[in-house]
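When reading the values below, keep in mind they use all heavy atoms of this one structure, side chains included, and skip hydrogens, waters and symmetry mates.
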Amino acid sequence: MPLLTQRIQDDNDYSLVASLDNVRNLSTILKAIHFREHATCFATKNGIKVTVENAKCVQANAFIQAGIFQEFTVQEESVNFRINLTVLLDCLSIFGSNPMPGTLTALRMCYQGYGYPLMLFLEEGGVVTVCKINTQEPEETLDFDFCSTNVINKIILQSEGLREAFSELDMTSEVLQITMSPDKPYFRYKICLLKPSTKALVLSCKVSIRTDNRGFLSLQYMIRNEDGQICFVEYYCCPDEEICESVS
């Protein structure tokens, strides 16, 4: 596509440059974590991590590996910024979320650095649209300190099985108890904190469920995009302390 070979500006002027020939490979994974308006983006040479948090109790991370992009360049060790995720998704679907069969929207994304907007160059059928999205100072994100050495329960299963289980739950209930071992401790989680993760569950093919010795829950979803490439979305959720204390 012309957009992918065109140089809008010298790449050395940008801290981050990323190109895709199918924008849906990015927008789909971002929709899986879109439960709050703002997100924090972390870019390194390995790819981009986009983080969304709520009430210091739940965190969602979307990992888009560098190999997903046709072009991916990060000039610094890391590039961080905060952005309105709702606006970003609206821009990525500016040509419509349901294009004609065989039609792809190409994306070239550029970020010059601190204080500059995120530039999106979208092309479909020879028509190019330019979007500029203001960026903000990145906020410090939560460190759930979820270490594999502290994991006490782990299950990997096909997502279809978990989707069936979730479909039978009363999502109007306050809490959900997850039991993965006949031995205590058992942990309960607020369903309102788990609801956002169902967006990723619907898109995923496999899911890893883990709990650590503090009761923190990790749900890691493996998502295959339209080109067959793999991305990951991970949700962290803390247990309901009051309920855990009352049943322990």
Aromatic plane relationship, Tyr221 with Tyr235 - under 30° parallel, 30 to 60° tilted, over 60° perpendicular: perpendicular

Residues Val128, Leu122; criterion side chain to side chain contact (heavy atoms under 4.5 Å, CB included); working and verdict: CA-CA 5 Å; Val128 177; Leu122 296 122; over 6 Å; no

When rounded to the nearest 0.5 angstrom, what distance separates [atom1] in [X] from [atom2] in [Y]?
| X | Y | atom1 | atom2 | value |
| --- | --- | --- | --- | --- |
| Leu26 | Ile68 | CG | CD1 | 10.0 Å |
| Leu107 | Ile94 | CG | CD1 | 11.5 Å |
| Asn80 | Glu140 | CG | CD | 11.5 Å |
| Leu162 | Ile209 | CG | CD1 | 5.0 Å |
| Glu164 | Gln158 | CD | CD | 11.5 Å |
| Asn54 | Gln59 | CG | CD | 11.5 Å |

Least distance between heavy atoms, [X] atom then [Y] atom:
| X | Y | result |
| --- | --- | --- |
| Ser27 | Leu89 | O-CD2, 3.7 Å |
| Val74 | Ala43 | CG1-O, 4.1 Å |
| Ala32 | Leu203 | CB-CD1, 3.9 Å |
| Ile223 | Ala200 | CD1-O, 4.2 Å |
| Leu88 | Leu118 | CD1-CD2, 4.2 Å |
| Arg224 | Cys205 | NH2-SG, 4.4 Å |

Does the side chain of [X] reach to within under 4.5 Å of the side chain of [Y], using non-hydrogen atoms?
| X | Y | result |
| --- | --- | --- |
| Leu16 | Cys110 | no |
| Leu30 | Val50 | yes |
| Phe146 | Val151 | yes |
| Leu92 | Leu120 | yes |
| Thr44 | Glu77 | no |
| Ile64 | Phe232 | no |
| Lys195 | Ile191 | yes |
| Val233 | Ile33 | yes |

Step by step, work out the side chain to side chain contact (heavy atoms under 4.5 Å, CB included) result for Glu71 and Val17. CA-CA 7 Å; Glu71 175 190 9; Val17 176; 3.7 Å; yes

Exercise: do Asp227 and Asn25 side chains pair donor with acceptor under 3.5 Å: yes

Is there a donor in the side chain of Asn46 and an acceptor in the side chain of Gln65, or the other way round, less than 3.5 Å apart? no

Assigning hydrophobic clusters by single linkage (Ile, Leu, Val, Met, Phe, Trp, Tyr; side-chain heavy-atom cutoff under 4.5 Å), is [X] placed with [Y]?
| X | Y | result |
| --- | --- | --- |
| Leu219 | Met222 | no |
| Phe63 | Met109 | no |
| Ile155 | Phe166 | yes |
| Val207 | Val202 | no |
| Phe95 | Val23 | yes |

For [X], does the [atom1] atom have more than 12 heavy-atom neighbours from other residues, nucleotides or ligands under 6.0 Å away?
| X | atom1 | answer |
| --- | --- | --- |
| Phe35 | CZ | yes |
| Lys206 | NZ | no |
| Gln229 | CD | yes |

Start with the C-alpha distance between Gln75 and Ser15, add both sets of side-chain angles, then the distance that settles side chain to side chain donor-acceptor pair (under 3.5 Å), and finish with yes or no. CA-CA 5 Å; Gln75 299 287 358; Ser15 299; over 6 Å; no

Does the side chain to side chain donor-acceptor pair (under 3.5 Å) test come out yes or no for Ser19 and Arg108, once each step is laid out? CA-CA 4 Å; Ser19 297; Arg108 184 172 174 82; 3.3 Å; yes

Kindly determine whether Asn61 and Tyr236 satisfy side chain to side chain contact (heavy atoms under 4.5 Å, CB included), including the steps that lead there. CA-CA 9 Å; Asn61 298 295; Tyr236 291 114; 3.8 Å; yes

For Phe81 together with Tyr111, are the ring centres under 6.0 Å from each other? yes

Decide, yes or no, whether a salt bridge links Glu53 with Arg36 under the criterion of side-chain N to carboxylate O below 4.0 Å. no

Salt bridge between Arg210 and Glu234, side-chain N to carboxylate O under 4.0 Å? yes

Passes side chain to side chain contact (heavy atoms under 4.5 Å, CB included), Glu137 versus Arg82? Steps please. CA-CA 6 Å; Glu137 178 89 25; Arg82 191 168 184 258; over 6 Å; no

Validate the cation-pi geometry between Lys49 and Phe42: distance from NZ or CZ to the six-membered ring centre under 6.0 Å, angle to the ring axis within 45°. yes

Tell me whether Arg214 forms a cation-pi arrangement with Phe216, defined as NZ or CZ under 6.0 Å from the six-membered ring centre and within 45 degrees of its axis. yes

Is there a side chain to side chain donor-acceptor pair (under 3.5 Å) between Asp13 and Gln112? Walk through the geometry before answering. CA-CA 6 Å; Asp13 292 340; Gln112 198 165 345; 6.0 Å; no

Under the side-chain hydrogen bond (donor to acceptor under 3.5 Å, both in side chains) test against Asn153, which residue among Thr211, Asp212, Asn213 passes? Thr211

